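Numbered from 1 within each chain, the chains take letters A, B, ... in sequence-line order. Keep in mind it's a predicted model, so treat the numbers as computed, not measured.
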There are 2 protein chains.
Amino acid sequence: MNETFEKLSEELKKKNIRLSHQRLKVLEYMSTHKTHPTVDQIYHDLHKDIPTLSKTTIYNTLNTLINAGLIKSVTIEDTEVRYDSVTDEHGHFKCESCGTIFDFSIDFNSFSTQDLGNFKIKNKDVYFKGICPNCISEQH
Amino acid sequence: MNETFEKLSEELKKKNIRLSHQRLKVLEYMSTHKTHPTVDQIYHDLHKDIPTLSKTTIYNTLNTLINAGLIKSVTIEDTEVRYDSVTDEHGHFKCESCGTIFDFSIDFNSFSTQDLGNFKIKNKDVYFKGICPNCISEQH
DNA sequence: GTTCCTGCAAAAGCTTTGCAGAAGA
DNA sequence: TCTTCTGCAAAGCTTTTGCAGGAAC
């Protein structure tokens with residue numbers, strides 16, 4: 001239980017989404033694990049606490065939360081979808097060595113996007129890939 | 001047949017990849033359709049010319065071209081993979097209304113990314129979503 | 001008591017794999 | 001001739017759907 005979790009629970013109540021045990025656990029997981037987990041990772045971890053939990057419920061819950069605007073899906077690699085709590089604008093960096101995804105702050109207004117003068121931009125995503133400092137130092 | 005297509009054919013020869021009829025057609029398609037097509041779109045269009053063409057061959061060919069570094073895969077929406085000829089660095093804008101993907105030039109050096117000082121960055125992708133000028137004017 | 005949610009099983013959709021015949025070099 | 005490619009069929013995965021029982025309100 002933390003501030004973010006309670007904030008998210010409040011949001012669910014506002015939107016008339018029922019606070020089931022499973023949903024609260026997924027929400028708690030998302031608010032305490034800022035690791036951009038995959039469905040598999042969420043399932044693996046929560047299954048220990050709730051043996052009857054099914055992946056279907058996780059898919060349902062994540063889609064519900066996406067529709068409610070509480071989380072976002074993130075696709076950097078083509079083969080895996082990850083999920084992210086909605087926070088401030090940030091970029092994603094995926095380490096090709098250990099697979100970890102790091103957030104970094106980014107000033108979206110610093111882009112030079114003169115080509116898009118007549119476009120209505122609703123969403124900006126920045127994805128970087130490379131090697132993180134931990135893996136760089138391990139290679140020495 | 002255009003300059004880009006011939007350049008790409010040359011690249012294949014250099015890498016000892018055989019110039020089969022199907023591969024040349026896929027290459028030609030990629031070099032003349034800068035629309036970031038999906039596998040389905042490529043299949044649909046080329047099937048008219050080559051009725052025996054299979055999706056397996058398109059998958060094989062695209063993977064061969066990716067390994068050769070001649071094209072890239074692009075994932076903006078979670079549910080569809082698209083393919084892009086390798087060109088200069090550019091951002092991708094997807095129109096939520098008509099689905100078209102537009103390229104726009106972007107100065108990757110203009111990012112303020114002070115958080116990533118110790119990261120080795122190999123790859124930068126920028127994905128925007130919104131409404132394109134054509135669809136904006138149709139809404140009036 | 002009603003409504004909505006869970007979770008099993010099955011379906012659906014996309015991509016990869018195995019392999020025999022065909023085509024390229 | 002020898003190697004590699006094509007394309008069918010089947011397998012493999014992830015995600016969605018249908019639905020009966022159960023939980024939330």
Can you spot which of A:D49, A:D45, A:T35, A:T61 makes a side-chain hydrogen bond (donor to acceptor under 3.5 Å, both in side chains) with A:Y29?
-> A:D45
CG of B:L12 versus P of C:dG24: gap in Å, rounded?
-> 15 Å
Rounding to a whole Å, what distance do you find between A:R23:CZ and C:dT6:C1'?
-> 9 Å
For atom CG of A:L19 and atom C1' of C:dC4, their distance in whole Å | 13 Å
Spacing of B:I50 atom CD1 and B:T57 atom OG1 [to the nearest 0.5 Å] = 9.0 Å
Rounding to 10 degrees, work out the angle separating the end axes of the helix from C:dG1-D:dC25 to C:dA25-D:dT1 (five pairs an end).
-> 40°
Check every strand shown and say whether A:N63 touches a base, only sugar-phosphate, or nothing at a heavy-atom separation below 4.0 Å.
-> sugar-phosphate
Atom-pair distance (CD1 on A:I17; P on D:dC25), nearest Å = 12 Å
Partner of A:T64 by side-chain contact (heavy atoms from CB on, under 4.5 Å), out of A:L12, A:V26, A:I17, A:L70 | A:I17
Side-chain N or O of A:Q22 closer than 4.0 Å to phosphate OP1/OP2 of C:dG7 | yes
Taking NZ from B:K25 and C1' from D:dC5, how many angstroms apart are they, rounded to a whole number?
-> 18 Å
Can you sort out which residues in residues 43-60 of chain B have a heavy atom within less than 4.0 Å of DNA chain C? Ascending by number, please.
-> B:T56, B:Y59
Nucleotide D:dT4, atom P - distance to CG of B:L24 in whole Å = 18 Å
Between A:I42 and the options A:D40, A:L46, A:V39, the side-chain contact (heavy atoms from CB on, under 4.5 Å) test singles out A:L46
A:Q22 CD to A:I58 CD1 distance, which is reported to the nearest 0.5 Å | 10.0 Å
Value in whole Å for how far the C1' atom of D:dT14 lies from CG of A:L62 = 14 Å
Assess the pair B:F119 and A:F128: is the distance between their ring centroids shorter than 6.0 Å?
-> no
Quick one: NZ on B:K94 to CG on A:D125, what's the gap to the nearest 0.5 Å?
-> 13.0 Å
Closer than 4.0 Å, any side-chain N/O of B:R18 to the OP1 or OP2 of D:dT3?
-> no
So, B:D103 and B:H36: side-chain donor and acceptor under 3.5 Å apart, yes or no?
-> yes
Whole-Å gap separating P (C:dT16) and CG (B:N67) = 11 Å
When rounded to the nearest 0.5 angstrom, what distance separates CD1 in A:I71 from OG in A:S31?
-> 11.5 Å
Mapping B:V39 and B:S20 to their closest nucleotides on DNA chain C, which lands nearer the 5' end?
-> B:V39
